[in-house]
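Worksheet: one structure, shown below.
Here is how names work: the chains are called A, B, and so on, in the same order as the sequence lines, proteins then strands, and each is numbered from 1. Treat the numbers as computed from the prediction; the structure is a model and nothing was measured.
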Amino acid sequence: MSRTLVKDALNAAAPMDAILLQGWVRTRRDAKGFSFIELNDGSGLKGIQIIANATLPNYGTEVAKAHTGASLEVRGKLVPSQGQGQKWEVVAEAITVLGEADATYPLQKKGHTLEFLREIAHLRPRSNLFGAVFRVRSRLAYAIHQFFQAKSFVYVHAPIITASDCEGAGELFRVTTLDPSHPPMTEDGHVDFKQDFFHKKAYLTVSGQLEAEIFACALSNVYTFGPTFRAENSNTSRHAAEFWMIEPEMAFCDLQGNMDLAEEFVKYLIRDAREHCAADLEFFSKFVDKELLSRLDFVLQRPFQRCSYTEAIEIITKSGKTWEHPVVWGDNLQSEHERFLGEEHFKCPVTVYNYPRTLKPFYMRVNEDGKTVRAMDLLVPGIGEIIGGSQREERLEVLRENMAHHKLNEKDYWWYLDLRRYGTVPHAGFGLGFERMLMFVTGVGNIRDVIPFARTPGTAEF
RNA sequence: UGCCCGGUAGCUCAGUGGCAGAGCAGGUGACUGUUAAUCACUUGGUCGCUGGUUCGAUCCCAGCCCGGGCAGCCA
């Protein structure tokens, strides 16, 4: 007999004379002469109710002692439930306890704090919340490919190990096979990376953008979707040292087209989760964030607001509010300003574009005013920036000037410059933080709780 | 990295300069249908670590460790 998933049993159209279920005990309730066992196999939020009669040969020795967490194999009949609260239940004819879980099993049928569950990341997927989070994560990963594939974007695998310190985006993780206590030295007393594995310094990637640009300048529309690493000592609820990022890159595309795609993409993912993860989202709406569903629907219903950096500064300074960090044109927007724009002023996702040139990396396209670049950040309520992107500088001479300004060595980027030497085209792209998107869709407030095994400063357990 | 908050039973938390507490979980028993079942009884502690003050510290003080929140960096 083949196994039936709990979710399929719960959706059965008719009773079944013979059914095989496998899963873990969520709770057992004993009555005189029989027990109720709620069995969950992760296929959905809801478990199925098993009726274990005392007439089962191993009832007294095993079944009635199966605690929360024990793994079971149940053979029996699927019948209409006599009780309230569920349509179907299984009357067991044989129950095998595959693995007992004793009293030290840390997960209870009671609620746990997220902080505690983080410490038992190997068991937390068995909880309602994390089962739901990771089902949504899986679904959205799939939806990302569907979205781009339907638009004929080509999926590109950008390298994870890189020798280029892309865009100078903060601290990088070094990749090396040198002996840290006795590295080879050069005559002038520095570590000799010529003797390292790649014959030069190497790092974990902080972005697949530059490689995506190469492929966009050949295949037109591409996207990457992979892990990304930042060695920043960030201790916030929305930063991780290892996270997943989606980076579309489009040739023959400007900032407008970039902003349009970002908005369409975010809305597509929300709509997909609404449709395909309905039960899980309702669970989040009930236990994590009461306003989740209304907020998601609100976001779907109207266009995102767009405002230039210059307009944003005006809105902030004319708001009459007192700021911890007052801003003038040329300053970075602080968290308090971004929150004000999204949560108070516009009350919906906002794309801020055309930032001062001095605030942004060398590859962003300089505007006609010479002072701003075609950058864009998408800010969403509750999280802040989930997308950062730009139109890229396609003019060779301007790009070289920018590189000189940022004190970058052209030799290190010879191939990047070649893209502008040979058949250069306007192009644009952005990066969407997958975990931040998941936080927005699930209402879960900490990035450590939407990734299976979070890597943050000082923490790489599991 | 900076500022702030916390660490007491397996979990969630209360509490006090003088015998260490509750709810849940676990155990035993009761109950013919429960839904985080219910009821009775019950096991369970290096009060984060180190040092100091004190007759006496889980409580007061200092340092350290760990967790969380916010800020910066960004996605």
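The side chain of A/Gln49 has B/G33 as its nearest neighbour among B/A25, B/G33, B/U1.
Taking the nucleotide of RNA chain B with the nearest heavy atom to each of A/His325 and A/Ala240, the more 5' of the two is matched to A/His325. Both A/Asn233 and A/Thr68 sit near RNA chain B, but only A/Asn233 has its closest nucleotide nearer the 5' end.
A salt bridge is absent between A/Glu38 and A/Lys109: the closest approach of a Lys/Arg side-chain nitrogen to an acidic carboxylate oxygen does not fall below 4.0 angstrom. Here A/Arg75 pairs with A/Glu73 in a salt bridge; the nearest charged N to carboxylate O distance falls below 4.0 Å.
Pair check for B/A71 finds B/U1; Watson-Crick or G-U wobble, both atom distances under 3.5 Å. Across every strand in view, B/G23 sits in a pair with B/C11 that passes the Watson-Crick or G-U test at under 3.5 angstrom. B/U46 is unpaired under the criterion used here, namely a Watson-Crick or G-U wobble arrangement in which both key atom distances are under 3.5 Å. Across all strands shown, B/U38 pairs with B/A30; the Watson-Crick or G-U wobble distances both stay below 3.5 Å. Under the Watson-Crick or G-U wobble criterion, with both distances below 3.5 Å, B/U53 has no partner in any strand shown.
Between the base of B/C70 and the side chain of A/Arg238 there is no donor-acceptor pair shorter than 3.5 Å. With hydrogens and angles left out, the side chain of A/Glu89 and the base of B/G33 share a donor-acceptor pair within 3.5 Å. For B/U1, the base has no donor-acceptor partner in the side chain of A/Glu232 [N/O atoms by modelled type, under 3.5 angstrom]. In this model, a side-chain donor or acceptor of A/Gln86 finds a partner on the base of B/U35 within 3.5 Å. Taking only distance into account, the side chain of A/Gln82 meets the base of B/G33 through a donor-acceptor pair shorter than 3.5 Å. With hydrogens and angles ignored, no donor-acceptor pair closer than 3.5 Å exists between the side chain of A/Asp30 and the base of B/U34. Counting atom types as modelled, A/Gln84 pairs no side-chain N or O with a base atom of B/U34 as donor and acceptor under 3.5 Å.
Applying the 4.0 Å criterion to OP1 and OP2 of B/G68, one finds that A/Arg118 has a side-chain N or O inside that range. Listed pair A/Thr27 / B/A37 meets the phosphate criterion, a side-chain N or O lying under 4.0 Å from OP1 or OP2. Contact between the side-chain N/O atoms of A/Arg29 and the OP1/OP2 oxygens of B/U34 is not found at any separation under 4.0 Å. Taking side-chain N and O atoms only, A/Lys32 has no distance below 4.0 Å to OP1 or OP2 of B/U34. The phosphate of B/G69 has OP1 or OP2 within less than 4.0 Å of a side-chain N or O from A/Arg448. Between A/Ser237 and the phosphate of B/C70, there is a side-chain N or O to OP1/OP2 separation shorter than 4.0 Å. Residue A/Ser335 places at least one side-chain N or O under 4.0 Å from the OP1 or OP2 atom of B/A71.
Applying the 90° cutoff around 0 to the glycosidic angle, B/C61 is assigned anti.
Of the C1' atoms belonging to B/C60 and B/C70, the separation is 29 Å, rounded to the nearest Å. Comparing the same atom, C1', in B/A37 and in B/C74 gives a spacing of 49 Å after rounding to whole Å. Rounded to whole Å, the separation between the P atoms of B/C24 and B/A36 comes to 15 Å. Taking atom P in both B/G44 and B/G23, the straight-line distance is 16 Å, to the nearest Å. Comparing B/A62 with B/A25, their P atoms sit 40 Å apart, to the nearest whole Å. Nucleotides B/U50 and B/C11 place their C1' atoms 28 Å apart, quoted to the nearest Å. Taking the P atom of each, B/U28 and B/C66 are spaced 40 Å apart, rounded to whole Å. Of the P atoms belonging to B/G51 and B/U58, the separation is 13 Å, rounded to the nearest Å.
Taking the centre and axis of the six-membered ring of A/Phe304, the NZ or CZ atom of A/Lys267 falls inside the cone set by 45° and 6.0 Å.
Between A/Tyr223 and the options A/Phe215, A/Phe265, A/Phe430, A/Tyr155, a ring pair (Phe, Tyr, Trp, His ring centres under 6.0 Å) holds for only A/Tyr155.
Formation of a donor-acceptor pair under 3.5 Å by the A/Arg26 side chain with backbone atoms of A/Arg126 is found in this model.
Between A/Phe243 and B/A75, a base-stacking contact is recorded: ring centres under 5.5 Å apart, planes less than 30° from parallel.
Considering every non-hydrogen atom in both A/Ser390 and A/Tyr363, the closest pair reads OG-CE1, 3.9 Å.
Within the 4.0 angstrom heavy-atom criterion, only backbone atoms of the sugar-phosphate kind lie near A/Asn446; the bases stay farther away.
A donor-acceptor contact closer than 3.5 angstrom is absent between the side chains of A/Glu338 and A/Gln334.
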